[in-house]
Amino acid sequence: MYNEIDLDKIDVTLEPPTEEPARQYYFMAKCREWVRVFEQKNGCFPTASIQTFGCQMNAKDSEKIAGIIKKIGFAVIEEESADFVLYNTCTVRDNANQRVYGRLGLMNSMKKKNPNKKVALCGCMMQEPSVIEKIQKSYSFVDLIFGTHNIYKFAELFFTMYQSERMVIDIWKESDKIVEDLPAERKYPFKSGVNIMYGCNNFCSYCIVPYVRGRERSRNPRDIIREIERLVSEGVVEVMLLGQNVNSYGKNLEEPISFAQLLQEVEQIEGLERIRFMTSHPKDLSDDLIEVMKNSKKICRHLHLPLQAGSTRILKAMNRSYTKEQYLALAHKIRQEIPDISLTTDIIVGFPGETAEDVEETIAVVRKVQYDNAFTFIYSKRTGTPAAAMPNPTSDEEIKANFDRLLKVVQETARSRVGRLKGEVHRVLVEEINEHDASLVTGRLSNNTIVHFKGEPSLIGTLVDVKLTEAHGFYYIGEQVALQ
Ligand code: 5AD
Ligand code: SF4
């Protein structure tokens with residue numbers, strides 16, 4: 001529908017419309033004029049490179065920006081030698097920030113060689129005032145900065161940047177606006193992320209996300225269904241429903257609806273084969289959701305259920321709203337109801353005041369739950385969060401030792417869990433040609449485990465039955481049994 005809007009039919013001699021998304025299409029048309037002039041002058045289209053840091057939300061935002069850039073007429077390329085380079089940043093841990101500063105250093109010297117090159121920054125890191133100050137002071141060559149709330153305005157900002165000699169900065173503290181029907185460029189033709197909500201109201205004491213992504217806002221279920229139906233008509237077979245806390249989806253809508261109800265509606269969409277979602281907070285994972293997952297033919301057998309810590313004292317200081325016992329009871333219930341499900345988690349080590357005994361409790365939970373995989377992080381102090389003001393008497397060496405002990409157990413349990421399907425036949429969604437051996441293709445099981453097997457590139461995007469012949473730690477080698 002919107003991808004078919006013909007920019008050439010928009011009269012750019014008129015004043016820009018005030019309503020959205022019409023206003024953005026007007027600016028896309030303006031930018032397209034600029035691209036034509038560029039093409040005449042240089043004999044080629046301008047190029048753009050989008051570099052994404054962080055989570056699936058950011059990946060999805062980058063697809064939206066790429067959609068607009070392509071519509072304008074830029075060629076999107078991987079290399080940072082492009083005429084326009086955008087960094088979509090993450091600030092969940094400090095190392096994500098440091099990586100961006102490193103890359104900006106490189107851009108400075110590239111810009112000196114090519115003064116027409118434009119550099120832009122967006123995403124979570126830009127919502128922090130101290131970051132903006134630092135960029136203005138030390139990276140004054142940057143041309144455009146915007147945040148997480150005004151991505152839909154990208155065409156307008158892009159146009160303003162090319163008109164301006166100075167750094168353009170547009171950061172909003174909050175937004176209750178959700179603009180539908182803008183173009184998006186998908187990385188994979190057969191699978192896609194779909195935002196169902198934005199922001200987060202949980203305020204875990206270590207986490208910066210509520211400050212940089214704002215309050216919880218759910219998309220209207222009809223808009224979500226319409227988007228998925230369109231994706232399916234374009235060849236998508238798997239969707240990943242995205243939200244910081246999908247279990248509280250729909251609570252603030254005029255006509256409230258639960259996440260479990262939304263899933264039931266998505267399940268009805270004909271032609272859609274697989275449904276995934278990210279991320280669940282254990283505190284509001286309902287019995288209804290477990291029931292819906294259990295009875296579903298399409299919802300994947302995978303649940304990412306962040307634990308963060310296994311000590312109730314630390315969980316309380318983290319403001320997680322559950323105890324160790326409540327988490328264990330929930331994990332037990334899920335495993336009982338859906339025995340073939342794979343559970344994965346996130347764990348932080350080194351939260352202020354966490355002792356070796358606390359980490360032993362976390363390790364005990366890992367042993368009990370038997371995660372299929374766990375992402376382990378060393379705590380990173382984020383300015384402005386409550387935890388940043390908490391004293392931490394534990395030394396870096398102790399934290400590292402605690403982290404290593406945990407990681408060892410995580411790897412052992414994951415290895416033993418993943419191998420359990422060896423010898424069985426399971427359905428794989430083929431995603432790509434194997435990175436190391438082009439005679440193999442790589443795909444995923446419903447439970448998210450990776451499988452490599454001999455196959456043609458034409459299998460990409462299809463569901464194939466594969467016998468899992470060898471288990472290798474975190475992945476399987478298999479043999480195709482029959483086409484679907
Ligand atoms: N330090 C370390 N890890 C963090 N996470 C979030 N905030 C921090 C922090 N300040 C981790 C959590 C979350 C994942 C996305 O990142 O485990 O689930
Ligand atoms: Fe990083 Fe969090 Fe922003 Fe995702 S939402 S990009 S993890 S800070």
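Heavy atoms only: backbone and side chains are in, while hydrogens, waters and symmetry mates are out. Just follow the structure's listing: the first ligand is 1, and inside any ligand the first atom is 1.
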Practice problem: Work out how many protein N, O or S atoms lie closer to atom 3 (Fe) of ligand 2 than 2.8 Å. | Solution: 1

Exercise. Measure the spacing between CZ of R222 and CD of E180 and express it to the nearest 0.5 Å.
Key: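 Answer for the CZ-CD pair, R222 versus E180, is 11.5 Å.
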
Quiz prompt | From K64 atom NZ to N195 atom CG, the distance as rounded to the nearest 0.5 Å | solution = 4.0 Å

Exercise. Might you list the protein residues in contact with ligand 1, defined as having a heavy atom under 4.0 Å from one of its atoms, sorted by chain and number?
Key: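 Near ligand 1, by chain and number: V92, R93, Y206, Q308, D346, I348, F377, I378, Y379, S380, R382.
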
Quiz item: Going by distance alone, is a donor N or O of one side chain under 3.5 Å from an acceptor N or O of the other, for E80 and Y87?
Solution: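 Short answer, yes.
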
Quiz item: Is there a donor-acceptor contact under 3.5 Å linking the side chains of T91 and R382?
Solution: yes

Quiz item: Please, which pairs that meet ring-ring contact (aromatic ring centres under 6.0 Å, His included) have at least one residue in residues 241-260, sequence neighbours excluded?
Solution: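 As it turns out, the ring-ring contact (aromatic ring centres under 6.0 Å, His included) pairs with a partner in residues 241-260, which skip direct neighbours, are F259-F277.
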
Quiz item: Can a non-hydrogen atom of Q244 be found less than 4.0 Å from any atom of ligand 2?
Solution: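 Contact present.
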
Quiz item: What residue among K111, K117, R166 forms side-chain hydrogen bond (donor to acceptor under 3.5 Å, both in side chains) with D143?
Solution: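 Going through the options one by one, the only one that passes is K111.
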
Practice problem: Give a yes or no answer on whether the side chain of N88 reaches the backbone of N58 with a donor-acceptor pair at less than 3.5 Å. | Solution: yes

Self-check item: Under the side-chain contact (heavy atoms from CB on, under 4.5 Å) test, residues paired with M390 that sit two or more places apart
Solution: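 Counting only residues at least two positions away or on another chain, M390 forms a side-chain contact (heavy atoms from CB on, under 4.5 Å) with S205, F351, P352, A387.
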
Quiz prompt | Geometric cation-pi criterion, K118 with Y162: 6.0 Å, 45° | solution = yes

Exercise. Hey, can you tell me if F375 and F377 have their rings parallel, tilted or perpendicular (30° and 60° cut-offs)?
Key: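 Parallel, since the angle between the ring planes stays under 30°.
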
